[in-house]
Amino acid sequence: MWNLLFIFGWLNLANPGFLNDAHQAILDRIRQEQQGGNLAAAIQLINRLIELCKLREVPEAQATCALICSEMNDIEYAAELLDQARKGFINDEHRLAVASWMQGIVLWDRMEMRQEVIENWMRAIGIFQRIAVSRNHPAKGIDPAWHAGQLPLMEAALQDAVDTEIIL
């Protein structure tokens with residue numbers, strides 16, 4: 001199965017992140033609460049971080065905090081944060097695709113959510129395909145063939161999700 005932290009690493013490949021030093025300091029505090037197993041305090045800090053972010057920073061903060069929530073086994077909040085992040089990345093196809101893929105990973109273990117996994121991964125694959133065939137897409141700055149190189153793995157994961165979906 002896909003590693004959420006690994007895919008999170010894709011988020012800022014095409015463009016640098018927006019979170020500044022003050023945001024990073026709050027993220028450090030969130031991670032301290034995470035290490036201490038204090039989910040309630042971590043969520044309070046997550047909410048505070050999101051409130052402090054400017055509009056363009058919010059989706060990155062949400063995706064970052066979704067990773068932390070997932071690691072703390074708060075799957076519902078992680079999925080909610082990623083859903084909000086996807087909406088915030090609407091004008092950034094690369095990050096929108098990554099957040100969609102991350103949301104699929106977060107929801108993977110929930111069999112009743114498998115259709116949502118499939119929908120998110122189909123969205124991500126479609127975006128990666130558009131980027132791969134585009135001549136001048138801004139995300140091509142990573143490496144012109146990078147998105148195309150990820151597609152076979154992503155398509156195999158999608159096929160696995162389809163093959164293992166339980167139809168009730």
Side-chain angles (χ1 to χ4, degrees), residues 1-20 23-24 27 31 46 49-50 53-71 74-167:
M1 186 55 226
W2 288 78
N3 179 291
L4 188 62
L5 180 60
F6 176 75
I7 300 304
F8 175 77
W10 293 2
L11 192 67
N12 293 326
L13 282 178
N15 295 301
F18 295 113
L19 299 180
N20 62 33
H23 298 135
Q24 293 299 331
L27 280 169
R31 288 187 183 102
I46 287 168
L49 172 63
I50 293 168
C53 287
K54 291 183 173 89
L55 187 60
R56 70 181 185 150
E57 301 163 337
V58 170
E60 182 182 351
Q62 290 166 327
T64 304
C65 292
L67 173 66
I68 293 167
C69 287
S70 176
E71 290 171 345
D74 189 343
I75 301 307
E76 289 80 17
Y77 195 43
E80 179 184 329
L81 286 169
L82 285 167
D83 189 53
Q84 293 169 6
R86 280 188 315 104
K87 293 171 185 167
F89 286 138
I90 199 71
N91 293 321
D92 185 334
E93 284 192 312
H94 171 80
R95 287 184 175 121
L96 171 59
V98 173
S100 294
W101 198 265
M102 287 175 65
Q103 189 172 24
I105 293 170
V106 165
L107 297 173
W108 176 263
D109 289 330
R110 293 242 157 91
M111 282 304 211
E112 71 276 10
M113 301 301 289
R114 195 55 60 94
Q115 180 167 337
E116 199 168 330
V117 171
I118 292 167
E119 289 169 0
N120 275 291
W121 286 1
M122 287 175 61
R123 179 184 304 112
I125 289 169
I127 293 169
F128 267 49
Q129 288 170 336
R130 277 196 307 276
I131 294 170
V133 299
S134 171
R135 292 183 126 192
N136 299 310
H137 197 285
K140 292 255 189 189
I142 303 168
D143 168 354
W146 186 86
H147 289 86
Q150 307 315 309
L151 284 167
L153 299 171
M154 295 169 79
E155 290 166 346
L158 175 61
Q159 187 62 52
D160 186 41
V162 170
D163 291 347
T164 59
E165 182 180 17
I166 296 174
I167 305 298

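All values below come from the heavy atoms of this structure, side chains included, with hydrogens, waters and symmetry mates left out. Just so it is clear, the model here is predicted, and its values are computed rather than measured.
For L153, the CG atom is densely surrounded, since the number of other residues' heavy atoms within 6.0 Å is greater than 12.
Looking at every heavy atom in both residues, V106 comes nearest to A79 through CG1-N, 4.0 Å. Across C53 and A61, no two heavy atoms sit closer than the pair SG-CB, 3.7 Å. Looking at every heavy atom in both residues, R123 comes nearest to S100 through CD-OG, 3.4 Å. For L151 against A132, the heavy-atom pair with the smallest separation is CD1-CB, 4.3 Å. Counting all heavy atoms, side chain and backbone alike, A99 lies closest to R86 at CB-CG, 3.7 Å. The two atoms that bring I50 and L81 nearest to each other are CD1-CD2, 3.6 Å, heavy atoms only.
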**Study point:** Residues R95, V98; criterion side-chain contact (heavy atoms from CB on, under 4.5 Å); working and verdict
**Key:** CA-CA 5 Å; R95 287 184 175 121; V98 173; 5.5 Å; no
Check your understanding: Can you list the steps and then say if H23 with T64 is a side-chain contact (heavy atoms from CB on, under 4.5 Å)?
Key -> CA-CA 11 Å; H23 298 135; T64 304; over 6 Å; no
Exercise for review: Kindly determine whether F89 and L11 satisfy side-chain contact (heavy atoms from CB on, under 4.5 Å), including the steps that lead there.
Suggested key: CA-CA 11 Å; F89 286 138; L11 192 67; 3.9 Å; yes
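In this structure a side-chain-to-backbone donor-acceptor pair under 3.5 Å is missing from D160 to A156. Under a 3.5 Å cut-off, the side chain of K140 and the backbone N or O of A145 do not form any donor-acceptor pair. Without hydrogens or angle criteria, R114 side chain to W108 main chain gives a donor-acceptor distance under 3.5 Å. The main-chain N or O of F18 is found under 3.5 Å from a side-chain atom of E60 such that the two form a donor-acceptor pair. No donor-acceptor pair closer than 3.5 Å links the side chain of E57 to the backbone N or O of L19. Formation of a donor-acceptor pair under 3.5 Å by the W101 side chain with backbone atoms of W121 is not found in this model.
In summary, the aromatic rings of H94 and H137 are positioned with their centroids too far apart to meet the 6.0 Å limit.
Put simply, CD on Q150 and CG on L13 are 9.0 Å apart, with the number rounded to the nearest 0.5 Å. To the nearest 0.5 Å, atom CG of residue L5 and atom CE of residue M102 are 9.0 Å apart. In this structure, CG on N91 lies 9.5 Å from CG on L96, to the nearest 0.5 angstrom.
Note on R31 versus E71: no salt bridge recorded, every NZ/NE/NH1/NH2 to OD/OE distance being 4.0 Å or above.
Looking at heavy atoms from C-beta onward, L27 lies in side-chain contact with Q24 at the 4.5 angstrom threshold. Within the 4.5 Å cutoff, the side chain of R56 has no heavy atoms near those of the V58 side chain.
Between the side chains of Q159 and E155, no donor N or O sits under 3.5 Å from an acceptor N or O.
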